[in-house]
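See structure below.
Along the sequence shown, residues are numbered consecutively beginning with 1. Atoms within each ligand, like the ligands themselves, are counted from 1 in listed order.
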Amino acid sequence: MEQNKKTIFSGMQPTGAITLGNYLGALKNWTTLQEEYNCLYCIVDMHAITVRQNPAELRKNARNLLIQYIAAGLDPTKNIIYYQSQVSGHAELGWILNCFTYMGELNRMTQFKDKSKKHADNINAGLYTYPALMAADILLFNTDLVPVGHDQKQHLELTRDIAMRFNTIYGDTFTIPDPYIGKVGAKIMDLQEPTNKMSKSAEDKNATILLTDKPDEILKKFKRAVTDNFANIKYDVENQPGISNLISIYSAITNKTYDEIENEFAGKGYGDFKVEVAQAVIETLKPIQQKYDELQKDKAYIDNIIKENTEKANYKAQKILRKVQKKIGFPPIIR
Ligand code: ATP
Ligand code: LTN
């Protein structure tokens, strides 16, 4: 890790296989930032248990997510890739920041409102204070930039407010992080209900494209994607959310603008367009899937990455945590 580079932190929950939304909204951008920044990419398993998880599946999902990070192009010798639950600084700073986060602020979080509706039988305190732990994740490393999808913007704004509040009381402690939200792909929608975001934990399997989906599954899901009766390939989120979503997926993958795509497919049918989009996605995912299958076979290599990166993350986290504890007035550790 180089001294003069700025720091990036981001994370995903190991709540299932990565979707095309996670990839285009976050992971793809991460791979382009790894040369320019010191990057930490976390598997936020502590956040994942705010919704009830099956232990064996959680463990498997966490390891698979780590492998997907690498398969998608993150170099584990250049980026610190690790599990949140193995760096105790997250929990420790999380508690402290809980005491600097107001209930009024948490009440406004749309992710909390959405997840409470979805899991009405388990609206636990962790789900409510989730954003304080996320603030801790980010502030624990003096992060400059946080590459995320559009849905995380509100959490990022709260993180900045918490950091500024702490700095005002105790003097300059935390770096104030900026969000990095891509222009295209930051909000990929559900293929069956295109007014909702595509989500890993969606129940309808036709609604999401997974990074691990086989080519024929991808084609089938795109063919079934909900569109409209306008018979016009036009980016118009209000009136044609389904087709607009397919345009934004195609744009994020090919780097073509919406105008270019509209021109290219002028007069063509939705059926043809869906096949084109599916082909582009299949081609993009092919090398990632190959790498993923290879890495799955190399247990020792993955274990070693986990071991080395966890040590690095812990070392960095402890330095900032001690500084915060001292500012607050916690007694020094006597050795
Ligand atoms: P869950 O369904 O369990 O809530 P999720 O699919 O929303 O999971 P997260 O782990 O919460 O995924 O998010 C990982 C990253 O992917 C975040 O940066 C988030 O902003 C981004 N992301 C999630 N969904 C989308 C989407 N539909 N479009 C673009 N980016 C997304
Ligand atoms: N809240 C995020 C996941 C997350 C995260 C983070 C993202 C937890 N901690 C820190 C960026 C930085 C989500 O639900 N997608």
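- Not a single heavy atom of Q84 sits closer than 4.0 Å to an atom of ligand 2.
- Protein heavy atom closest to atom 4 (C) of ligand 2, with residue, atom name and distance, is M134 SD, 3.9 Å.
- Here the heavy atom of the protein found nearest to atom 11 (O) of ligand 1 is Q13 NE2, 3.2 Å.
- Heavy atoms of M12 found under 4.0 angstrom from ligand 2: none, in either backbone or side chain.
- Counting the atoms of ligand 1 from 1 in the order shown, those under 4.0 Å from a heavy atom of G185 are 29 (C).
- The G25 neighbourhood of ligand 1 comprises atoms 29 (C), 30 (N), with distances under 4.0 Å to a heavy atom of that residue.
- For a threshold of 3.5 Å applied to N or O pairs, the pair formed by T19 and ligand 1 contains no separation below that value.
- In terms of protein heavy-atom proximity, atom 4 (O) of ligand 1 is closest to K115 NZ, 2.5 Å.
- Salt-bridge formation is not detected for the pair K220/E217: no Lys NZ or Arg NE/NH1/NH2 atom is positioned less than 4.0 Å from an Asp or Glu carboxylate oxygen.
- Of the heavy atoms in N22, both backbone and side-chain atoms come closer than 4.0 Å to ligand 1.
- Taking every heavy atom of S201 and a limit of under 4.0 angstrom, the matching atoms of ligand 1 come to 1 (P), 2 (O), 3 (O).
- Distances between N or O atoms of S10 and those of ligand 1 include no value under 3.5 Å.
- Atoms of ligand 1 lying under 4.0 Å from any heavy atom of S199, numbered from 1 in the order shown and given with element: 1 (P), 2 (O), 6 (O).
- There is no side-chain donor-acceptor pair under 3.5 Å between E311 and Y315.
- The proximity of I138 to ligand 2, defined as any non-hydrogen pair under 4.0 Å, is limited to the side chain.
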